[in-house]
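By convention in this document, chain letters (A, B, ...) are assigned in the order of the sequence lines, proteins followed by strands, and residues within each chain are numbered from 1.
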Amino acid sequence: MAAYSKKRGIKLFEGFAILLLMQSTGTFLSNYFNLILPGNLVGLLLLFLALVLKIIKLDQVEETAGLLLDNMMALFIPLNVGLITILPRIRQEWLAVMVSLLASTVIVMVVTAKVVEFSERGRKNAKQPS
Amino acid sequence: MLNSLLREPLFQITLTLVVYILVNRLYGRFRFFLFNPLILATAIVMYILWFAGIDYAVYAKGGDMITFLLGPATVALGVPLYKQLPNIRANLKSISVGVVTGSITAIVSTVFIAKALGAGKETLLSIAAKSTTMPIALGITGILGGNDKIIVMAVAVTGIFGGAIGAEVMKLAGIKSRIAVGIGIGTASHAGGTSRAVRIGETEGSMSGAAIVLTGLVTALLAPYIVKWLI
């Protein structure tokens, strides 16, 4: 990792402004057109599109994105602490929730992998005669 | 004076960040799948709040400022999606087939099983997006009208579980394709599972990583319709 420079510090800050700009635009579009995607996700797609179209260079946002994404767990602590406020309400349901989460995770893994494997096999077989 | 200081958002934010950094350092030293930094840090913060006699409502004043950063963090997921683009293009068919199948299976199986076991409507809406990465899951749950705290817990549990058993499940199911193993783990259990897929092999890790954001987007597009139909 490069040493700190004033330029880098400014870039990190600009990257943050770019992310907020995308989020704001995304939220506006989502609300204005009543989109099914939440504003943050529209913002994600706008950033992706801006990167693909080279309107924004990867270098402009990469480090700020890393700063947030690599410390994402910290950002979830307050919401997770808030779980304590709804514990009484989910007391009767937590077992159903846990069983559902665990079973579904296994089901999704197996079904997804099987389907992908099947589609690969189909492609190979289709290629064989030619 | 100390008592009023403890009630300042400044203290709540400092507490959260310091606990996170300490837990994360500890995690770097002792890597163990059940030892999840988010859950341990949450437990420590809860304990300190309880010990200091601070209500959640007071804590949330500072906490909300941290939660605000989840917005730009969600947008930031555009960066890994962009970096994965060559990888996604090279395996477009496998990834799209896997992600769409997996996202639908995830929504339907989660809601169906929990409903069969007697979970209420609000809870069902709060866990439908459990296979997507956390910031996206939070956005989807907002649209569905579920509870933000339940989905954060559900996503964390899914990630820990996927990371713990992903490799074994794939072996038991007899999946041989490395691409299929990666997409399966990433679609089912986002970054939590991917941390394990990376250790199975390079192909598994990169495929799992490529599936994360796409699963989030596909689930966001489909969940409102599927959930309406299931509940």
Identify the two heavy atoms, one from Ile200(B) and one from Ile185(B), that lie closest to each other, and give their separation to 0.1 Å.
CD1-CD1, 3.8 Å
Contact origin within Ile143(B) toward chain A - heavy atom pairs under 4.5 Å:
side chain
Under a 4.5 Å heavy-atom cutoff, which of Val19(B), Val181(B), Leu221(B) has the most pairs with chain A?
Leu221(B)
For chain A, which of Leu124(B), Leu217(B), Asn24(B) has the most heavy-atom pairs under 4.5 Å?
Leu217(B)
Using distance alone, with no hydrogens and no angle criterion, decide if Thr42(B) and Asn80(A) have a side-chain donor and acceptor under 3.5 Å apart.
yes
Of Leu35(A), Ile86(A), Val110(A), Ile107(A), the largest count of non-hydrogen pairs under 4.5 angstrom with chain B goes to Ile86(A)
Just by distance, with hydrogens left out, do Glu117(A) and Ser177(B) show a side-chain donor and acceptor under 3.5 Å apart?
no
Ranked by heavy-atom pairs below 4.5 Å to chain A, first place among Leu17(B), Asp148(B), Leu81(B) goes to Leu81(B)
Choice from Thr110(B), Val169(B), Thr101(B) maximising heavy atom contacts with chain A below 4.5 Å:
Thr110(B)
Please check if any side-chain donor atom of Thr158(B) sits under 3.5 Å from a side-chain acceptor atom of Lys130(B), or the reverse.
no
Polar side chain donor-acceptor pair, Ser119(A) to Lys93(B), under 3.5 angstrom:
no
Of the listed residues (Met72(A), Gln92(A), Met22(A)), which shares the most heavy-atom pairs with chain B below a 4.5 Å separation?
Met72(A)
Heavy-atom pairs under 4.5 Å with chain A - which of Gly186(B), Gly78(B), Gly142(B) has more of them than the others?
Gly78(B)
Under 3.5 Å, is there a donor-acceptor pair between the side chain of Asp55(B) and the main chain of Val58(B)?
no
Is Gln12(B) in contact with chain A via its backbone, its side chain, both, or neither, using a 4.5 Å heavy-atom distance?
neither
Okay, Leu172(B) and chain A: the region with an atom under 4.5 Å from a heavy atom over there is neither
Contact part of Phe112(B) toward chain A, heavy-atom cut-off under 4.5 Å: side chain, backbone, both or neither?
neither
Write down the atom of Ala137(B), the atom of Ala129(B), and the distance for their closest heavy-atom approach.
CB-O, 3.7 Å
Would you mind telling me which of Leu79(A), Leu68(A), Leu45(A) has the largest number of heavy-atom pairs within less than 4.5 Å of chain B?
Leu79(A)
Met153(B), Lys149(B), Met170(B): which one forms the most heavy-atom pairs within less than 4.5 Å of chain A?
Lys149(B)
Can you tell whether the side chains of Lys57(A) and Glu62(A) come within less than 4.0 Å, N to carboxylate O?
no
